[in-house]
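These notes are about the structure you will find just below.
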Number of protein chains: 2
Amino acid sequence: MQQVTTVNVNGLRAAARKGYAEWLADTGSDVVCLQEVRAEQDQLPVAVREPEGWHAVYAPSSAKGRAGVALLTRREPEAVRVGFGEPEFADAGRYAEVDLPGLTVASLYLPSGEVGTERQDEKERFMTAFLPYLTQLRQRCAADGREVLVCGDWNIAHREADLKNWRANRRSAGFLPEERAWLDRVLDPADGGYVDVVRAHHPEQAGPYSWWSYRGRAFDNDSGWRIDYAMATPGLADRAVKAYVERAASHAERWSDHAPVTVVFGP
Amino acid sequence: MQQVTTVNVNGLRAAARKGYAEWLADTGSDVVCLQEVRAEQDQLPVAVREPEGWHAVYAPSSAKGRAGVALLTRREPEAVRVGFGEPEFADAGRYAEVDLPGLTVASLYLPSGEVGTERQDEKERFMTAFLPYLTQLRQRCAADGREVLVCGDWNIAHREADLKNWRANRRSAGFLPEERAWLDRVLDPADGGYVDVVRAHHPEQAGPYSWWSYRGRAFDNDSGWRIDYAMATPGLADRAVKAYVERAASHAERWSDHAPVTVVFGP
DNA sequence: CGTTCGAAG
DNA sequence: CTTCTAACG
């Protein structure tokens, strides 16, 4: 059995002050992928940076206080890689991957974008460069006899079931037709070739959402978006026995605006 | 009996979240002078902006989130004036005055400065322009049969007894020889002609300090500065029966890095 | 609405 | 060390 969790922590220092450490101590996962760390390693308390029993890999952004991904693994990785080959995003704190026995796990933080801004152009450039990398990654790993799991905040809701208010958001960044079509390609067996493990295990239901705005009563009303995904190669997806979102019980115990997304694999 | 308090609130919104409102509800003062309000009127909750039983006058800075003085009076002022005639500081949120029967009260926030910077030059320009105004104010009010009380954060410790660590601070902004000499002139009977009411009532003691840095253990060690003054015309100073600093009992109940300074006048 | 930063104090 | 703003989300 192997268990992997991904969560956008929205500032690891703030999350650690609020309950992230307790959550981590309780998780049964073997790998935890973090996004929006928003700190350099040496800005983090040691117990947060290198929690007892974990190996940690950080890929901060060169822009202070922005983005930043990390991976925590119970076993030491066989290899670590930061970035995915596109120079523009080499030190953007948006992608890192580790090799474990028979498995490559990645932590991804796709730019969030905003319609009509340069940030949306950046998101599109990222998507354009990242899709061929995903295909290449799958092929390379297949040649090495590895499965692949790309976890993270993809900042796109794929289908109408993936956000509460899809009608109101048809022109919103994160649910644009071209973004949804891009995810179609990531999941297309003839293209990216990945499987959305949580959706595969919950084919019909609305959600389960993984992000709720801090504004208004979004969390209380479960007015969320499913934008955090575990995307697996088909062979790995077939081994998934469980896939779920850990929605906090109450607003009070939330330590991020995102919830952890976990997938459990059998042998 | 008439009682006037001055306090630098270091952000009225933050102070109001921490205990300012309770302090105000308990004060027996008739006039409260505030400095570093750091908000426009409409950024303040109504109960903070216009507390029940008070008239409020605000003089915000045109620079958002900076400076800002205010006066709260139990009786409606006969007149209100903002600024002291120097155009550079007209909307700097550093000076306002109100006329009450027989008394003009001002709230002053003198620039804080830092040696070797443009901010120190600004402080000096303020001082240069403000001293003649103080003299003029006293004379004008004398002609009207009014006493004057200029309260606020003057950002200068006058003498060695006015800060804990005077030796270490001989080259620090706030205790420079030229700044101390300027306060000498404010207090010189032949020049500004004002009386430092707290010092007049506590001629020998160290302090009482009115500001402690938030850094380190400054408050716990009473490593403070006396930079908040009530400067009175001599006739008014003669009527002072009490003058004191309300040092908070504990670090926990502080709602500003400054403490309220209060003077009580007899008939 | 919340997390950063940077300027200011 | 704390307050604010701005940018970002």
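Below, read A as the first sequence line, B as the second, and so on, with proteins coming before strands; counting in each chain starts at 1.
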> Expressed in angstrom and rounded to an integer, what is the separation of B:Y109 atom OH from D:dC4 atom P?
Replying inline: 12 Å
> Given atom CD of B:E118 and atom P of C:dA7, what is their separation to the nearest angstrom?
Replying inline: 16 Å
>> Would you say A:W212 and A:D257 are linked by a side-chain donor-acceptor pair, where the criterion is simply a distance under 3.5 Å?
In response: no
>> With the threshold set at under 4.0 Å for non-hydrogen atoms, list the residues of residues 208-215 of chain B touching DNA chain D in residue-number order.
In response: B:Y214, B:R215
>> Distance alone, cut at 3.5 Å: any donor-acceptor contact between the side chains of A:E97 and A:Y95?
In response: yes
>> Counting only heavy atoms and a strict 4.0 angstrom limit, can you tell me which residues of residues 59-69 of chain B come near DNA chain D?
In response: B:K64, B:G65
> Excluding sequence neighbours, so at least two apart, what forms side chain to side chain donor-acceptor pair (under 3.5 Å) with A:R49?
Replying inline: none
> Would you say a side-chain N or O of A:K18 is under 4.0 Å from OP1 or OP2 of C:dG2?
Replying inline: no
> Counting only side-chain N and O atoms of B:R13, is one of them less than 4.0 Å from OP1 or OP2 of D:dT5?
Replying inline: yes
> What residue among B:V69, B:L72, B:L108, B:L71 forms side-chain contact (heavy atoms from CB on, under 4.5 Å) with B:C33?
Replying inline: B:L71
>> Strictly distance-based, threshold 3.5 Å: is any side-chain N or O of A:N155 a donor or acceptor partner for the main-chain N or O of A:L110?
In response: yes
> Ring centroid separation for A:Y20 and A:W255, is it under 6.0 angstrom?
Replying inline: yes
> Are A:W23 and A:E246 linked by a side-chain donor-acceptor pair shorter than 3.5 Å?
Replying inline: yes
> Between C:dC1 atom P and A:H258 atom NE2, what is the distance in whole Å?
Replying inline: 18 Å
> Does CD in B:Q43 sit with more than 12 non-hydrogen atoms of other residues, nucleotides or ligands closer than 6.0 Å?
Replying inline: yes
> Just wondering, are more than 12 heavy atoms of other shown residues or ligands nearer than 6.0 Å to CZ in A:R125?
Replying inline: yes
> Among side-chain atoms of B:E36 and B:Y109, is any donor-acceptor pair under 3.5 angstrom?
Replying inline: yes
> Is A:R247 close enough and on-axis enough to A:F219, meaning under 6.0 Å and within 45°, for cation-pi?
Replying inline: yes
> How would you label the contact of A:R254 with the nucleic acid (heavy atoms, under 4.0 Å): base, sugar-phosphate, or nothing?
Replying inline: nothing
> For DNA chain D, which residues in residues 35-43 of chain B have a heavy atom at a distance below 4.0 Å?
Replying inline: B:R38, B:Q43
> D:dC8 C1' sits how many Å from A:N8 CG, rounded?
Replying inline: 12 Å
>> According to salt bridge (Lys or Arg N to Asp or Glu O under 4.0 Å), does anything in residues 175-185 of chain B pair up with another residue at least two apart or in another chain? List the pairs.
In response: B:K123-B:E179, B:R185-B:D191
> Near DNA chain C, under 4.0 Å by heavy atom, which residues of residues 217-224 of chain B?
Replying inline: none
> Hey, mind stepping through A:D222 and A:R217 against salt bridge (charged side-chain N to carboxylate O under 4.0 Å, His left out) and telling me if it holds?
Replying inline: CA-CA 8 Å; A:D222 198 25; A:R217 312 230 182 306; over 6 Å; no
> Starting at OH of B:Y20 and ending at C1' of D:dT3, how long is that distance when rounded to a whole Å?
Replying inline: 17 Å
